[in-house]
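Each chain gets a letter, A, B and so on, in the order its sequence line appears, and its residues count up from 1. Predicted model, so just to flag it, every value in this text is computed and none were measured. The figures that follow rest on heavy atoms only: side chains count, while hydrogens, waters and symmetry mates do not.
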Amino acid sequence: MAEHIFIGVAWPYANGSLHLGHIAGAYLPADIFARYHPLKGNKVLMVSGSDQHGTPITLRAEQESKSPQEIVSRYHQEFLDCWQKLGISFDLFTTTGTLNHTQVVHDIFLKLQDRGYIYRDTVPQAYCPRCQRFLPDRYVEGTCPYCHYPQARGDQCDECGRTMSPGDLLDLRCRLCSTSPHFEVSEHFFFRLSAFRDRLKEWIAGQSHWRQNVLNFTIGILEGGLKDRAITRDIDWGVTVPQAGFERKRIYVWFEAVIGYLSASKEWARSHSDDTAWQPFWGGEAKGFYFIGKDNIPFHTLIWPAMLMGYENLNLPYDVPANEFLTIEGKRLSTSRNWAVWLPDYLQRYDPDALRYLLSINMPETGDADFSWREFLRRNNDELVATYGNLVHRVLTFTQRNFGGAVPPLGKLDSQSQRLLVRAQETLDDVDRLLYRCHFKEAIKTAMALAQEANRYLDEKSPWKTIKEDESTSATAIFVALSVLSALKTVLYPFLPFSSSRLHGYLGFDGSIEAAGWRIQSPVPGQKLLFPEPLFRKLDESIVIEETSRLGIQE
RNA sequence: GGCAGCGUAGCUCAGCGGCAGAGCAGGGGACUCAUAAUCCCUUGGUCGGAGGUUCGAAUCCUCCCGGGCCCA
């Protein structure tokens with residue numbers, strides 16, 4: 001029976017361009033997963049959107065003397081453009097600025113309030129006398145009360161990962177002017193996170209299929225204790241509070257952004273003129289996967305689940321396959337020092353599949369992984385072009401020249417040919433199992449191993465020799481090779497959708513790869529092939545120096 | 001000074017209690033259909049170090065060293 005797979009992907013702050021860290025951390029694995037499931041006949045809904053309300057956005061707007069909306073619109077457009085060019089196949093990529101989002105947030109807010117999970121309290125709110133304003137959590141810096149990390153932010157400590165309120169910090173400073181803020185009493189709403197401790201513990205204990213790093217991190221925070229958290233702030237950029245007397249306050253972003261998963265699902269349903277279409281993805285046997293970077297773990301393994309528990313009747317996350325960090329040329333990525341490879345830049349100069357290949361086979365799945373341009377060049381030239389691209393090209397051009405560009409007839413299969421075809425089927429099965437469990441790196445390695453196997457087969461069969469004496473032997477080898485290419489275009493499609501689609505066409509198939517399903521779509525003798533172009537471009541050595549010299553240069 | 005992360009072949013990384021692995025690079029050979037691509041063979045490691053637990057440790061525990069990041 002078809003499964004319903006909900007895929008939520010981290011909501012990028014619309015205050016700057018995307019870089020390779022974002023892609024390797026969340027968007028690429030999510031997309032691979034989202035392309036794999038439909039081939040298996042499962043239903044997928046993948047959503048995300050621009051986070052418009054993060055404090056980083058107001059910070060940026062202030063720096064550029066623009067309105068937050070201008071900043072947000074600019075980057076939202078850029079994101080959409082990037083998804084399209086890189087082939088990240090969202091069903092909906094919206095924003096947190098929609099009326100729908102506000103309505104869904106209000107609904108959750110009011111229900112949680114009804115059930116006693118949201119309560120009102122007065123809170124001393126950080127106020128900077130020099131800037132003459134209330135300070136959002138991220139504008140407050142200080143020493144972490146748990147690990148004594150001196151530059152913790154008011155919402156979360158980067159060092160130990162614990163979440164907190166600004167008042168928890170020691171030695172407060174205003175991030176804008178370093179003046180130490182004082183606290184003024186202000187009335188706010190709180191989320192009763194503490195009420196969910198036991199339920200969360202019990203739930204987490206059952207998640208043995210989660211990645212070890214995600215589990216460890218989550219358990220650590222749980223044992224450290226969960227505190228109630230303020231969910232409104234004295235700011236004017238954000239989702240309004242559905243309560244009289246709170247007109248000048250807004251719902252704080254950590255509470256509201258995660259609700260985007262649900263509001264985007266509803267928006268998607270409405271745009272397909274079926275208001276209930278989202279429901280099968282959020283109830284029953286549906287599984288929800290949340291693809292995020294490791295910095296986002298507590299929000300998806302504790303806070304969002306707690307909110308859902310309180311709201312009731314919606315599925316909790318099934319898995320949160322958070323990735324680790326991507327380093328660039330051995331050094332930690334830093335946007336402020338421009339030590340990053342920006343996605344719009346990359347897409348201007350290179351092909352999407354080349355990047356998707358490298359980031360898949362070297363994904364920061366279990367530990368940090370490194371991106372270097374030398375490695376990019378090598379993986380592209382020695383693996384993607386030489387092993388896979390060349391296999392495709394040698395088989396297709398041979399067919400053009402010797403069999404009139406049509407699938408040759410299948411003669412008697414010898415044991416070697418049978419073995420290869422079995423191997424192709426096994427590859428489909430193995431990659432299936434691996435992708436189902438989100439083991440992306442292992443999955444693409446397994447797929448590539450089949451290409452290597454096919455190269456070996458061709459060398460042994462030497463159809464370019466047998467064509468001279470015994471055409472039918474040659475034809476059979478080519479038929480088998482074409483079958484393997486067909487298996488490869490399916491099994492690599494989640495990773496390399498652009499080249500796989502082209503290969504699908506070169507093999508003479510109509511329709512989409514998705515429609516063909518997760519099986520070896522067998523070529524039919526006589527089927528006309530399209531004249532092929534090489535699937536991938538070989539890159540020149542010189543790009544290594546060119547590209548590495550761009551790193552770290554301030555604009 | 002701090003760190004629930006990292007130290008495995010020249011490089012990039014798997015393995016995480018049961019005979020040290022892959023790809024690339026290096027060396028030798030085969031082939032010529034193919035984007036000078038492919039295929040075979042091969043060199044190369046006290047798994048950072050020292051203790052401990054265990055019949056057995058790259059793998060679990062402790063300490064140390066190194067680098068990394070953050071801070072001062």
Side-chain angles (χ1 to χ4, degrees), chain A residues 141-144 146-153 157-162 171 212-224 294-295 297-298 324-327 329-334 337 339 357-403 434 439-446 448-449 451-468 474 477-478 481 485 499 532-540 544:
Chain A
E141 283 182 347
T143 302
C144 173
Y146 305 104
C147 74
H148 298 283
Y149 173 65
Q151 284 222 301
R153 286 177 280 121
C157 173
D158 278 335
E159 190 63 19
C160 66
R162 287 189 179 83
D171 305 325
Q212 201 58 50
N213 56 342
V214 175
L215 221 38
N216 286 350
F217 204 77
T218 302
I219 290 168
I221 291 166
L222 254 178
E223 315 236 296
K294 69 173 166 188
D295 49 332
I297 291 174
E324 305 272 316
F325 288 141
L326 186 74
T327 54
E329 303 285 348
K331 285 200 262 183
R332 190 169 182 165
L333 205 140
S334 158
R337 278 176 287 164
W339 195 261
Y357 177 72
L358 171 60
L359 294 184
S360 295
I361 205 152
N362 193 28
M363 191 175 274
E365 238 171 75
T366 53
D368 293 353
D370 187 51
F371 173 93
S372 72
W373 285 102
R374 174 145 301 284
E375 183 74 355
F376 172 73
L377 179 88
R378 188 189 74 68
R379 294 273 193 188
N380 182 75
N381 288 359
D382 297 344
E383 297 183 12
L384 200 53
V385 173
T387 304
Y388 175 46
N390 182 57
L391 167 71
V392 170
H393 202 59
R394 69 196 295 208
V395 172
L396 293 180
T397 52
F398 191 87
T399 311
Q400 288 297 332
R401 283 176 200 160
N402 296 284
F403 298 103
L434 290 165
H439 292 188
F440 302 107
K441 210 166 21 178
E442 191 65 24
I444 193 170
K445 278 184 185 163
T446 304
M448 287 297 286
Q452 215 164 19
E453 199 60 51
N455 275 321
R456 208 166 292 149
Y457 171 83
L458 283 176
D459 276 28
E460 283 165 11
K461 293 269 130 196
S462 308
W464 50 90
K465 275 187 195 160
T466 55
I467 187 82
K468 291 169 187 157
S474 178
I478 290 301
L485 294 193
S499 52
E533 292 292 322
L535 280 188
F536 307 105
R537 280 191 303 146
K538 192 162 180 178
L539 296 169
D540 194 86
V544 175

- Tell me the partner of B:C39, counting only Watson-Crick (N1-N3 plus N6-O4 or O6-N4) or G-U wobble (N1-O2 and O6-N3) with both under 3.5 Å; none if nothing fits. B:G29
- Query: How do A:Leu458 and A:Glu453 order along RNA chain B: which one's closest nucleotide is nearer the 5' end?
  - Reply: A:Leu458
- Task: Just compare B:U35, B:C39, B:A25 and give me whichever is closest to any side-chain atom of A:Pro534.
- Result: B:U35
- Query: Hey, does A:Glu324 reach any base, or is it just sugar-phosphate, or nothing, if we go heavy atoms under 4.0 Å?
  - Reply: nothing
- Item | Residue mapping more 5' on RNA chain B - nearest nucleotide basis, A:Asn381 or A:Lys468 | A:Lys468
- Base-pairing mate for B:A20 - Watson-Crick or G-U, with both contacts under 3.5 Å: none
- Note on the structure: When rounded to whole Å, the CG to C1' distance for the pair A:Asn455 and B:C31 reads 13 Å
- Task: May I ask you to evaluate whether A:Arg456 reaches the phosphate of B:C40, defined as a side-chain N or O under 4.0 Å from OP1 or OP2?
- Result: yes
- Query: Heavy atoms under 4.0 Å, any strand shown: does A:Glu460 hit a base, just sugar-phosphate, or nothing?
  - Reply: nothing
- Message: Under a 3.5 Å cut-off for both contacts, is B:G68 paired Watson-Crick or G-U wobble with anything, and if yes, with which nucleotide?
- Response: B:C3
- Note on the structure: Correct closest heavy-atom pair for A:Gly389 and A:Phe536 would be CA-CD1, 3.8 Å
- Task: Can you see which heavy atom on A:Glu365 is nearest to which on A:His439, and at what distance?
- Result: OE1-CA, 3.7 Å
- Task: Return the nucleotide paired to B:U53: Watson-Crick means purine N1 to pyrimidine N3 with N6-O4 or O6-N4, wobble means G-U with N1-O2 and O6-N3, both under 3.5 Å.
- Result: none
- Message: Taking B:C31 as the reference, what is the distance to B:A20 when you measure between their P atoms (whole Å, please)?
- Response: 37 Å
- Note on the structure: Sorted by chain and number, sequence neighbours left out, salt bridge (charged side-chain N to carboxylate O under 4.0 Å, His left out) with A:Asp370 holds for none
- Calculate the interatomic distance between A:Lys465 atom NZ and B:U32 atom C1'; express it in whole Å. 9 Å
- Message: If you go through the side-chain atoms of A:Asn390, does one of them form a donor-acceptor pair with the base of B:A34 closer than 3.5 Å?
- Response: yes
- Rounded to the nearest 0.5 Å, what separation is found between the CG atom of A:Asp368 and the CG atom of A:Leu326? 8.5 Å
- NA contact type, A:Pro463, heavy-atom cut-off 4.0 Å: base, sugar-phosphate, or nothing? nothing
- Query: Using a cut-off of 4.0 Å on non-hydrogen atoms, how would the nucleic acid contact of A:Leu535 be classed: base, sugar-phosphate, or nothing?
  - Reply: base
- Validation row: A:Ser360, A:Lys441 side chains within 4.5 angstrom (heavy atoms): no
- Message: Minimum heavy-atom separation for A:Lys538 and A:Asn380, please, with both atom names.
- Response: CA-ND2, 4.2 Å
- Looking just at side-chain N and O atoms, do A:Tyr357 and A:Glu383 make a donor-acceptor pair shorter than 3.5 Å? yes
- Query: Taking any strand in view, what nucleotide pairs with B:A9 in a Watson-Crick or G-U wobble way, both distances under 3.5 Å?
  - Reply: none
- Smallest separation among heavy atoms of A:Thr387 and A:Leu391, with atom names: O-CB, 3.3 Å
- Indicate, with a heavy-atom threshold strictly under 4.0 Å, whether A:Arg374 touches base, sugar-phosphate, or nothing. nothing
- Message: Does the protein touch nucleotides 8-13 of chain B at the base, only the backbone, or not at all? Give it as B, S and - per nucleotide, heavy atoms under 4.0 Å.
- Response: ----SS
- Query: If the P atom of B:C55 is compared with that of B:A50, how far apart are they to the nearest Å?
  - Reply: 22 Å
